[in-house]
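Here is the structure we will look at, set down as structure tokens.
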Amino acid sequence: MIEKQILIVDDQEHLRELVQLCLEDLAGWNTLAAASGQECLEILQTERPNAILLDLSMPGMDGFALYDRLRSDPITRSIPVILLTARVLSSDMANFAEMGVAGVIPKPFEATTLPGKVAEILGWND
């Protein structure tokens, strides 16, 4: 089986750690973590994760700006992005669909079901 690696981008340290723990312990995936959009871009200079879990509400470069940067770069354009966000109004969901994100996982989420949701969105249920 091919090793899966996911980059978690969230400014809240406790949430990053929780997501990492869930994905590593429950799914056996490797994780990388970034506390900001800028840190994410720096990691992507040397790493190619299979997917990115992205928070939208971050100081500095928010998730929308980061997503635009990822999509404008030919190297990162093909990496699937899943939004981890508290913004789940129907109007937001329509905007996310137009953006072309792989999927959306609303916050708060059930930690034990997170790997299954990620796998379902990415088609990793083999």
Side-chain angles (χ1 to χ4, degrees):
M1 188 173 108
I2 297 171
E3 293 270 330
K4 304 286 191 207
Q5 184 177 62
I6 298 182
L7 173 55
I8 302 150
V9 186
D10 198 306
D11 61 314
Q12 296 179 29
E13 183 178 6
H14 69 281
L15 195 64
R16 274 194 321 274
E17 290 173 354
L18 173 65
V19 171
Q20 278 189 283
L21 191 67
C22 292
L23 299 182
E24 290 175 0
D25 289 355
L26 299 176
W29 300 331
N30 296 318
T31 62
L32 299 164
S36 66
Q38 188 58 46
E39 189 178 349
C40 171
L41 294 174
E42 290 168 11
I43 289 171
L44 291 172
Q45 289 177 7
T46 58
E47 299 286 343
R48 289 294 166 265
N50 299 99
I52 297 171
L53 292 183
L54 176 61
D55 179 30
L56 289 177
S57 301
M58 297 184 292
M61 183 187 313
D62 69 9
F64 291 108
L66 176 58
Y67 184 78
D68 287 343
R69 293 273 299 268
L70 295 172
R71 289 298 163 252
S72 66
D73 184 333
I75 295 171
T76 58
R77 178 180 299 145
S78 63
I79 301 172
V81 174
I82 298 173
L83 301 179
L84 270 179
T85 181
R87 297 176 68 154
V88 288
L89 299 175
S90 58
S91 58
D92 291 324
M93 297 303 274
N95 289 338
F96 300 153
E98 282 180 27
M99 288 169 57
V101 297
V104 178
I105 297 175
K107 289 179 183 177
F109 54 85
E110 179 61 46
T112 58
T113 64
L114 182 64
K117 288 181 182 178
V118 170
E120 181 182 338
I121 290 168
L122 297 173
W124 290 357
N125 292 328
D126 40 15

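- Of the possible donor and acceptor atoms, one in the side chain of Glu39 sits under 3.5 Å from a partner among the backbone N and O of Ala35.
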Show, in sequence, the C-alpha distance, side-chain angles and deciding distance for Thr76 and Leu41, and conclude whether the side chain to side chain contact (heavy atoms under 4.5 Å, CB included) test is met. CA-CA 9 Å; Thr76 58; Leu41 294 174; over 6 Å; no
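- Crowding of Glu110 atom CD: a count of heavy atoms from other residues, nucleotides or ligands under 6.0 Å exceeding 12.
- Remark: side-chain polar atoms of Arg71 are paired, donor with acceptor, to backbone N or O of Arg77 under 3.5 angstrom.
- You'll find the side chain of Leu122 reaches within 4.5 Å of the side chain of Ile82, heavy atoms only.
- Looking only at atom types and distance, the side chain of Glu3 has a donor-acceptor partner in the side chain of Asn30 under 3.5 Å away.
- Side-chain contact check for Ile105 versus Leu114: some heavy-atom pair is nearer than 4.5 Å.
- For the atom pair CD1 (Ile6) and SG (Cys22), the distance works out to 11.5 Å, reported to the nearest 0.5 Å.
- Leu53 is listed as a side-chain neighbour of Val118, based on a closest heavy-atom distance under 4.5 Å.
- Side-chain atoms of Phe109 and Leu15, non-hydrogen and from C-beta on, do get closer than 4.5 Å to each other.
- With salt bridges taken as basic N to acidic carboxylate O contacts below 4.0 Å, one links Lys107 and Asp55.
- Side-chain heavy atoms closer than 4.5 Å link hydrophobic residues (I, L, V, M, F, W, Y) into clusters, and following such links, possibly through other members, connects Met58 to Met99.
- Here the side chain of Asn50 pairs a donor or acceptor atom with the backbone of Gln5 at under 3.5 angstrom.
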Passes side chain to side chain contact (heavy atoms under 4.5 Å, CB included), Ser57 versus Asp62? Steps please. CA-CA 6 Å; Ser57 301; Asp62 69 9; over 6 Å; no
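- In this structure, Leu7 is not a member of the same hydrophobic cluster as Leu26, with clusters built from ILVMFWY side-chain heavy atoms closer than 4.5 Å.
- The structure places CZ of Arg16 at 14.0 Å from CG of Leu21, a figure rounded to the nearest 0.5 Å.
- Between Asp11 and Ser36 there is no side-chain heavy-atom pair separated by less than 4.5 Å.
- Separation of atoms CD (Glu13) and CG (Leu18) is listed at 12.5 Å; rounding is to 0.5 Å.
- Looking at heavy atoms from C-beta onward, Leu56 lies in side-chain contact with Phe96 at the 4.5 angstrom threshold.
- Atoms CD and CZ, from Gln38 and Arg69 in turn, are 6.5 Å apart once rounded to the nearest 0.5 Å.
- Contact annotation: the side chain of Leu66 approaches that of Leu54 to within less than 4.5 Å [non-hydrogen atoms, C-beta and beyond].
- Summarising the geometry of Ala34 relative to Ile43, their closest heavy-atom pair is CB-CD1, 3.9 Å, with the distance given to 0.1 Å.
- Proximity of Ile79 to Pro49: side-chain heavy atoms (C-beta onward) are separated by under 4.5 Å at one or more points.
- With hydrogens and angles disregarded, a donor-acceptor distance shorter than 3.5 Å links the side chain of Arg48 to the backbone of Leu44.
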